[in-house]
Visitor: 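Sending over a structure as structure tokens; questions will come in a sec.
Treat the numbers as computed from the prediction; the structure is a model and nothing was measured. Reminder, nothing fancy here: chain letters follow the sequence lines and each chain counts from 1.
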Amino acid sequence: IMGGEKAPDKTIPWQVMLSVDGGRAGAMVIGDRWIMTAAHNLVQKGKLVLKEKLRVFMGDNDAEKLAKLTPLGVASLHPHPEYKNPDNANYNHDIALIKLQQPLTFHAAIMPLCLPPEDTIYKTGQIGMVSGFGIKEDDIIANKLRYIRLPVVDGNKCQASVNSAKAAMPTETIPVLTDNMFCAGVPEGGQDSCTGDSGGAYVLMEDSTKRFWAAGIVSWGVGCGQTGRYGVYTRVAKYISWINKTMEDN
Amino acid sequence: LARSLPALHGVVQSPQFPQPYPAALSQQWDLSVPEGYQLQLSFTHLDIEPSADCYYDSLTVLYDKKVLAKFCGQENSADGHHPGNRPLLSPGNRLTLVLQTDDTNPEPHQHLGFSAHYQAKDIDECSAPDPEDGSGPLCSQLCHNTLGSYMCSCRHGYELRPDQRTCVLSCGGGIFDEPEGTLSSPGYPDPSPHGLACQYVISVEPGFIVNLNFTDSFHIEHIGTQNGPSCLYHWLQVSIPDKEPQKLCGGKSPGLMPTNSYTVQLDYHTDWAGLSQGWSLHYTTQRVQCASPSSITNGRVTPNFPQYYYRDYIQVRCDPGYKLMMDGREIKSYASMCQKNGQWHLSLPECHIIDCGEPKALLNGGVTFISGSQNQHLSVIQYHCNEPFYSLLGGATVSYTCAADRTWRDNLDTPVIPSCIPVCGQPTVYLSGFQR
């Protein structure tokens, strides 16, 4: 998280830390046996990682402490079936579910996020919050969970940002921005999610109930915290049916 | 031979008959036929030296040493005494013949002796005149002669006494096994005959008891004493099993006499003197009564009768929320019958309050007892979730009551326990900051 702050204990109880082959990623609790993350955390070079190599931690804001805990057992991995990203240029459908072997018992440090109704519209400018144990502004991996509040960015502005990046980096393969994604961030840069945060939650709060709900999944971005660039998130509201069906079927 | 019956007939002849009988002879024949018969003697031939009074030769016929006749001579002879063709009938079943001859049997006409048949002849005892000893007729009512004997019988309504010759009014006794009936002394309402020994047995089905109800007209001869009537010569004895027999006499009716027994024996006795006007009773039966069952706490006995009798059934039902218990075990149903001994065949059960058992555990929640105890009927519990991390669906607390079917049921009568739904998106600590 760039430009963010340390999260006090129990303020982001849905935060999950994943470790895949030594790489760090984020995820969020959405049920007592289900965790949601980005598909690209589980599918590497076109192949699903072995569930035995995936380690799941939660319940603390300290990464070192988490890493010392016994990982939660993984029962099965369920990347979105349409996620195909062999050359890291297509993050469409970047969503996956992890089923745990044992149900969780929720407490102040571990609580689930709510899911939005199908096709909920995200208001441009609405402030959300993204969190993670990823790289922070000094390019150092965070040991403490951090968070940053970021607004939802208008889709056109986001597309323009992606287009400008393509123009500026003609040799790079900039991923495609689809309707299954949305952007969040500030044009002046400095505040963004970053590497190691992917799979974590971008949450919005419902005013009437003061409940946080999973609006996005940290997916990709051109750099981190750069001026005129935004973070790109999987639009969770597009996948409610798939999420429910996957959980029901499994 | 001594034990064999005498022959019913036979022949007796003089020695050497039909040759002349020897001289200087003295021979005796003891003839007999069975008891109950007379002996009849018929001469087919008699030829004994005739003489006056049969002085020289004679055939003497005796009964119990009493000379019935003395014969000699020939048929149509001038001297002697010839029996002719008339048979001789003995007063009893015996007869003795004695042939005596002198030293000579005159020649040339020698006498041949005698030949006779004897036979048993039935005695018609019924035609005999009454004995002179004043003991009355042979049969007091009907006499029937039989071969060698006789028998007495009685007219309808009478029965032969043990003496087999006199009749007495029939007792009408025997066994009375109908549910009700009437008994009375012989000849009632006429005075009772003398010498009665009547027995009446009332014996109905076990499980019923007999009640005797004497009519007011009751009179049995008694001897007055300082201690009340003494049933010395006439009495009606009432015998009930396992109780002392009770002799009744006097002029006061016993009225209603419960026996509490299914069998009663009545013995009516009169001797040969005195006067008893007799008695009459109507007996009824009723079923043995069982004690009314005590009330059942938290239950009831059905049907509810004022009294319970043999073969009545009762059932016990517990109030809703209570169960039938007997000997420490729960039973599905209870029915008991009043037995013939007046006892219920099963002791009464008890109604114990039911319990629903421990409420099912609620995952991520718990249960609180609101009222009642030990999970008993109508106890109320309330499920709750481990808030703020879980909440009941709908957010309301749910009360469950221990129902009569031993399940915990909510206000909608549903036995399904609630579920604790995880609370999402509501951290216990919210991010806050004051810097702007």
Visitor: Do other residues, nucleotides or ligands put more than 12 heavy atoms under 6.0 Å from the NZ atom of A:Lys99?
Guide: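 For A:Lys99, atom NZ is crowded (more than 12 foreign heavy atoms under 6.0 Å).
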Visitor: Does any backbone or side-chain atom of A:Leu104 lie under 4.5 Å from a heavy atom of chain B? Answer side chain, backbone, both or neither.
Guide: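 For A:Leu104, the backbone is the part near chain B, not the side chain.
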Visitor: Shortest non-hydrogen contact from A:Pro112 to B:Val423?
Guide: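 Closest approach of A:Pro112 to B:Val423: CD-O, 3.3 Å.
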Visitor: Can you tell me if CZ on A:Arg55 sees more than 12 non-hydrogen neighbours from other groups inside 6.0 Å?
Guide: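 Atom CZ in A:Arg55 is not crowded, with 12 or fewer foreign heavy atoms closer than 6.0 Å.
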Visitor: Is the shortest side-chain heavy-atom distance between B:Leu431 and A:Pro8 below 4.5 Å?
Guide: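 The answer is yes; the side chains approach within 4.5 Å.
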Visitor: State whether the number of non-hydrogen atoms from other residues, nucleotides or ligands found under 6.0 Å of B:Tyr313 atom OH is greater than 12.
Guide: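 Incorrect, the count does not exceed 12.
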Visitor: Nearest 0.5 Å, what's the CG-OG1 distance between B:Asn386 and A:Thr105?
Guide: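 That separation rounds to 8.5 Å.
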Visitor: Can you check whether A:Trp14 reaches B:Pro427 side chain to side chain, under 4.5 Å on heavy atoms?
Guide: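 Of all side-chain heavy-atom pairs linking B:Pro427 with A:Trp14, at least one is under 4.5 Å.
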Visitor: Could you please state which residues from residues 207-214 of chain A sit under 4.5 angstrom from chain B, measuring non-hydrogen atom to non-hydrogen atom, sorted by number, or 'none'?
Guide: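 Answer by number: A:Thr209, A:Lys210, A:Arg211, A:Phe212.
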Visitor: What distance separates A:His107 NE2 from B:Thr428 OG1, expressed to the nearest 0.5 Å?
Guide: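 The OG1 atom of B:Thr428 is 10.5 Å from NE2 of A:His107, to the nearest 0.5 Å.
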Visitor: For atom CZ of B:Phe176, decide whether the heavy atoms of other residues, nucleotides or ligands shown that lie under 6.0 angstrom number more than 12.
Guide: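 Counting other residues, nucleotides and ligands, CZ of B:Phe176 exceeds 12 neighbours.
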Visitor: Working to the nearest 0.5 Å, report the span between CD1 of A:Ile110 and CZ of B:Phe389.
Guide: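 So the CD1 of A:Ile110 and the CZ of B:Phe389 are separated by 10.5 Å.
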Visitor: Should we say atom CG of A:Asp179 is surrounded by more than 12 heavy atoms from elsewhere, each under 6.0 Å from it?
Guide: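 No - once you tally the heavy atoms of other residues, nucleotides and ligands closer than 6.0 Å, there are 12 at most.
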